[in-house]
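All values below were derived from every heavy atom in this structure, side-chain atoms included, with hydrogens, water molecules and symmetry-related copies excluded.
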Amino acid sequence: QVLLVESGGGLVQAGDSLTLSCAASGRTLSTYAVAWFRQAPGKEREFVAAVRQTNTKHYSDSVKGRFTISRDNARNMVYLEMNRLSTDDTAVYYCATGRPILSALRDLQMWGLWGQGTQVTVSS
């Protein structure tokens with residue numbers, strides 16, 4: 001069975017940092033692009049960051065400079081380090097894998113496998 005499992009979410013204060021993890025079973029993450037998306041209450045799921053098979057990284061404008069996506073191929077995991085968190089970052093965070101073309105990184109339909117999500121709540 002192929003699974004993605006996110007972990008590391010929680011309740012933090014504005015300005016704090018948090019690192020999310022995405023673990024895969026049944027799939028070698030290094031052969032796929034991996035992305036983080038998030039969905040806040042009442043809003044659509046939105047792209048946060050992605051790391052491609054070449055290890056090139058892409059970020060949404062709202063997190064650029066604050067969030068860092070990284071891979072650990074030996075552990076078959078991907079991380080999202082989040083710094084200077086604000087209340088606007090409150091959402092359920094999902095990791096996803098796929099092989100989207102560069103222009104479609106933000107397209108949910110391009111990502112074939114999703115985790116169940118982990119809640120991040122930032123209090124003011």
Side-chain heavy atoms of [X] within contact of [Y], under 4.5 Å:
X   : Y    : result
R66 : D89  : yes
T90 : Q119 : yes
M77 : Y79  : yes

Measure across [X] and [Y] and return the closest heavy-atom pair with its distance rounded to 0.1 Å.
X    : Y    : value
V5   : Q116 : CA-OE1, 3.7 Å
S123 : T87  : C-CG2, 4.0 Å
A33  : R71  : CA-NH2, 3.8 Å
S124 : A14  : CA-CB, 4.4 Å
G98  : P100 : C-CD, 3.3 Å
A91  : A40  : CB-N, 3.8 Å

- [ ] Just jot down the salt bridge (charged side-chain N to carboxylate O under 4.0 Å, His left out) partners of K64, sequence neighbours excluded, or say none.
- [x] D61

Task: Test salt bridge (charged side-chain N to carboxylate O under 4.0 Å, His left out) applied to D72 - qualifying residues, sequence neighbours left out - done: R75

- [ ] State which residues pass side-chain hydrogen bond (donor to acceptor under 3.5 Å, both in side chains) with N83; sequence neighbours excluded, sorted by chain then number.
- [x] S17, E81

Task: Results of side-chain hydrogen bond (donor to acceptor under 3.5 Å, both in side chains) for T28 - residues two or more places apart only - done: none

Task: Flag, side chain of E6 to backbone of T118, donor-acceptor distance under 3.5 Å - done: no

Task: Check: N76 side chain, R27 main-chain N or O, donor-acceptor pair, under 3.5 Å - done: yes

Open item on the list: Count I, L, V, M, F, W, Y as connected when their side-chain heavy atoms are under 4.5 Å apart, and connections chain through other members. Are Y94 and M110 then in the same cluster?
Closed with: yes

Open item on the list: Assigning hydrophobic clusters by single linkage (Ile, Leu, Val, Met, Phe, Trp, Tyr; side-chain heavy-atom cutoff under 4.5 Å), is I101 placed with W111?
Closed with: no

Task: Inter-residue atom distance R38.CZ - S60.OG, 0.5 Å rounding - done: 6.0 Å

Task: Atom pair CZ (R52) and CG (L102), whose distance is rounded to the nearest 0.5 Å - done: 4.5 Å

Task: Inter- and intrachain pairs under salt bridge (charged side-chain N to carboxylate O under 4.0 Å, His left out), touching residues 97-107, at least two apart - done: none

Open item on the list: Connecting only ILVMFWY residues whose side-chain heavy atoms lie within less than 4.5 Å of each other, what is the rest of F67's hydrophobic cluster?
Closed with: V2, L4, V12, L18, L20, L29, V34, W36, V48, V51, Y59, V63, I69, V78, L80, M82, L85, Y93, L113, V120, V122

